[in-house]
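Atoms within each ligand, like the ligands themselves, are counted from 1 in listed order.
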Amino acid sequence: MSDKVKAVVIGAGGGIGKAHCEVINRSDKSQLVAIVDRKEQNRTELSKKYECKAYESIEDLLSDSALELDCVVIATPHPQHADAAVLAFDAGKHVLVEKVFTSTLEDADRILKAQQRSGKKCGTICQRRFLVPSLRVKHAIDEGLIGTPMLGKVLMYGWRADGYYQEKPWRGTWKNEGGGLLLNQAPHQLDLLLWFMGPVEKVWGDWDNVAHKDSIEVEDTVNAIVKFKNGATANIFLTNAMNPGIYCNVHVTGSNCNSVGVETDRGAMFVAGASAAAGVVSKPAQPPTTDIWEIAGEPDHLSEWNEEERAFHYGLEDPLLYYHGQLFDDFFSAILEDREPLVTGEDGRNVVELITAIYMSRNKGNQWIDFPLKPDANGMYDDGRPIEKVVG
Ligand SMILES: NC(=O)c1ccc[n+]([C@@H]2O[C@H](COP(=O)([O-])OP(=O)(O)OC[C@H]3O[C@@H](n4cnc5c(N)ncnc54)[C@H](O)[C@@H]3O)[C@@H](O)[C@H]2O)c1
């Protein structure tokens with residue numbers, strides 16, 4: 001392999017796929033050698049812009065033996081992630097999958113089995129791990145500054161108008177998306193919670209569609225409790241039904257009662273394909289910040305850090321490209337250095353397992369769901385989602 005990872009984006013013409021092309025093109029660790037999109041207009045535009053090859057399907061791409069290719073980046077709607085990832089691993093490529101890793105746990109397991117067969121790298125995209133305040137919180141936990149993490153909290157006071165769901169026909173449907181805000185908006189914060197707190201013992205969950213009944217079939221609001229293997233507990237409250245949004249944070253308190261936390265979102269920073277002007281989100285973007293930092297004996301850093309975080313954020317040309325760039329840089333370095341990426345396929349699967357357990361809990365009359373989840377005899381998960389087989 002050369003000193004640059006030769007990469008392709010599947011679903012390159014979509015809201016996030018275009019950002020992937022730009023990130024890969026700008027990086028000194030990668031080269032965009034091809035794009036795949038089922039829409040001809042997207043293929044024409046992007047292959048011209050990036051002077052690369054274009055294919056209509058992943059099958060066409062992989063059957064081109066003349067194309068030198070190391071890595072497949074998947075940016076199609078989530079129910080289609082698994083089929084593309086399995087084909088790519090079986091063709092001997094490294095694979096990076098957009099969040100949410102998959103719509104079902106069954107699909108996540110298919111990907112990880114294919115990865116094991118291939119021995120290649122698998123990563124998933126959770127760019128909020130690369131926020132300065134997220135890294136600060138993780139560092140504090142790893143350094144033992146809060147003792148053992150014991151209390152966790154994920155709060156997402158979010159807002160999406162009907163227009164957000166109507167923008168893309170696959171959104172908000174059981175069949176074509178596989179779920180609602182658990183799958184689409186929350187994976188970032190759920191990933192942070194698991195990264196900070198560790199492995200899960202059991203989950204209680206409830207979910208509903210409280211304010212989008214005319215526009216979507218899936219949930220817009222979720223309540224859940226997580227018990228971790230080390231005895232810790234966390235509370236999760238998520239909604240897309242609170243106008244004004246957006247305010248999301250993940251807080252952790254430790255066994256010594258010290259607390260750390262990150263506000264990942266405020267305003268519309270990462271709402272791909274949506275804009276405040278269109279009335280889809282309620283407020284413009286504001287910087288991610290360290291929003292709680294109580295370490296006994298430490299001086300108060302918060303105001304100084306928040307000032308730095310704001311200056312840093314407002315100095316960025318494009319936050320979405322910057323944070324995706326950080327994650328892609330780590331993934332491509334993992335390939336070049338033959339090490340694990342910061343966000344692995346296994347991490348992606350853990351988020352899908354947590355989401356599946358929340359769906360299952362309500363389906364079983366709000367029972368506690370013990371981990372690890374196991375597929376039933378038919379290979380489907382009894383989580384109550386009316387998706388016999390999600391299709392693209
Ligand atoms: N990390 C983030 O912040 C972030 C932000 C937005 C979206 N996403 C994720 O990215 C994925 C895509 O979301 P989006 O909003 O960009 O979707 P989108 O509908 O805008 O784009 C999907 C693109 O894939 C193409 N496509 C669909 N099926 C295909 C197939 N089988 N073969 C080839 N091309 C195909 C479509 O033509 C389209 O161009 C989702 O899983 C979503 O959750 C992540």
Side-chain angles (χ1 to χ4, degrees), residues 8-23 34-46 54-62 72-88 96-104 107-108 111 123-131 160 164-173 176-192 218 246 248 264-265 268-274 280-281 285 288 318-328 331 343 348 351-352 355 390-392:
V8 59
V9 179
I10 318 286
I16 206 66
K18 283 187 180 140
H20 291 182
C21 294
E22 192 57 27
V23 164
I35 59 104
V36 175
D37 202 288
R38 59 164 53 148
K39 288 192 189 134
E40 191 178 353
Q41 192 187 344
N42 291 341
R43 294 197 297 277
T44 310
E45 276 173 20
L46 289 167
Y55 304 85
E56 189 174 354
S57 69
I58 186 160
E59 288 87 351
D60 289 351
L61 168 90
L62 296 174
V72 170
V73 179
I74 299 173
T76 52
H78 7 286
Q80 299 175 47
H81 291 177
D83 286 351
V86 170
L87 285 171
L96 178 61
V97 184
E98 252 300 353
K99 70 84 201 152
V100 59
F101 191 54
T102 53
S103 291
T104 66
D107 273 353
I111 296 181
T124 192
I125 297 182
C126 270
Q127 74 272 16
R128 281 170 181 74
R129 280 205 196 183
F130 293 84
L131 302 178
R160 295 292 186 281
Y164 165 81
Y165 295 103
Q166 286 150 3
E167 267 180 341
K168 296 184 184 171
W170 57 268
R171 280 184 183 152
T173 60
N176 296 319
E177 178 158 23
L181 95 160
L182 273 170
L183 289 181
N184 203 325
Q185 282 75 45
H188 297 280
Q189 287 75 18
L190 298 180
D191 171 69
L192 288 178
V218 297
I246 292 169
C248 306
T264 58
D265 298 72
M269 180 171 174
F270 285 110
V271 184
V280 175
V281 290
D318 182 327
L320 182 69
L321 289 187
Y322 176 79
Y323 290 112
H324 267 73
Q326 295 283 294
L327 187 139
F328 277 60
F331 189 71
V343 197
V351 170
V352 177
I355 290 170
V390 281
V391 291

Taking 4.0 angstrom as the limit and counting only heavy atoms of [X], give me the atoms of ligand 1 inside it, by number and element.
X    : value
Q127 : 1 (N), 2 (C), 3 (O)
G13  : 39 (O)
H81  : 41 (O)

Inset, instruction - Could you pull out all residues at least two apart from D37 that satisfy salt bridge (charged side-chain N to carboxylate O under 4.0 Å, His left out)? - result: none
Below 3.5 Å, N or O to N or O, backbone or side chain included: is there any such pair between [X] and ligand 1?
X    : value
E98  : yes
I10  : no
P77  : no
I125 : no

Inset, instruction - For atom 31 (N) of ligand 1, state which one of E59, Q80, K39 supplies the nearest heavy atom. - result: Q80
Inset, instruction - Going by heavy-atom distance to atom 20 (O) of ligand 1, choose the closest among E56, K168, R43. - result: K168
Inset, instruction - Report the residue from V343, I74, I125 that forms a side-chain contact (heavy atoms from CB on, under 4.5 Å) with L96. - result: I125
Please state which part of [X] comes within less than 4.0 Å of ligand 1, counting heavy atoms only: side chain, backbone, both or neither.
X   : value
R38 : both
H78 : both
N42 : side chain

Legend entry - Validation row: V97, T102 side chains within 4.5 angstrom (heavy atoms): no
Inset, instruction - Rounded to the nearest 0.5 Å, what's the gap from CD1 on I35 to CG on N42? Could you check? - result: 7.5 Å
Inset, instruction - State, to 0.1 Å, how close P79 and E177 come at their nearest heavy-atom pair, and which atoms those are. - result: CG-O, 3.6 Å
Legend entry - Over all atoms of both residues, closest heavy-atom pair of Q185 and Y164: NE2-OH, 2.9 Å
Legend entry - D191 with R129: basic N within carboxylate O range, under 4.0 Å: yes
Inset, instruction - Validate the cation-pi geometry between R160 and Y165: distance from NZ or CZ to the six-membered ring centre under 6.0 Å, angle to the ring axis within 45°. - result: no
Inset, instruction - Look at the rings of H20 and H324 and say which category their plane angle falls in: under 30° parallel, 30 to 60° tilted, over 60° perpendicular. - result: tilted
Legend entry - Any A75 heavy atom less than 4.0 Å to ligand 1: yes
Inset, instruction - May I ask whether H324 places a heavy atom under 4.0 Å from ligand 1? - result: yes
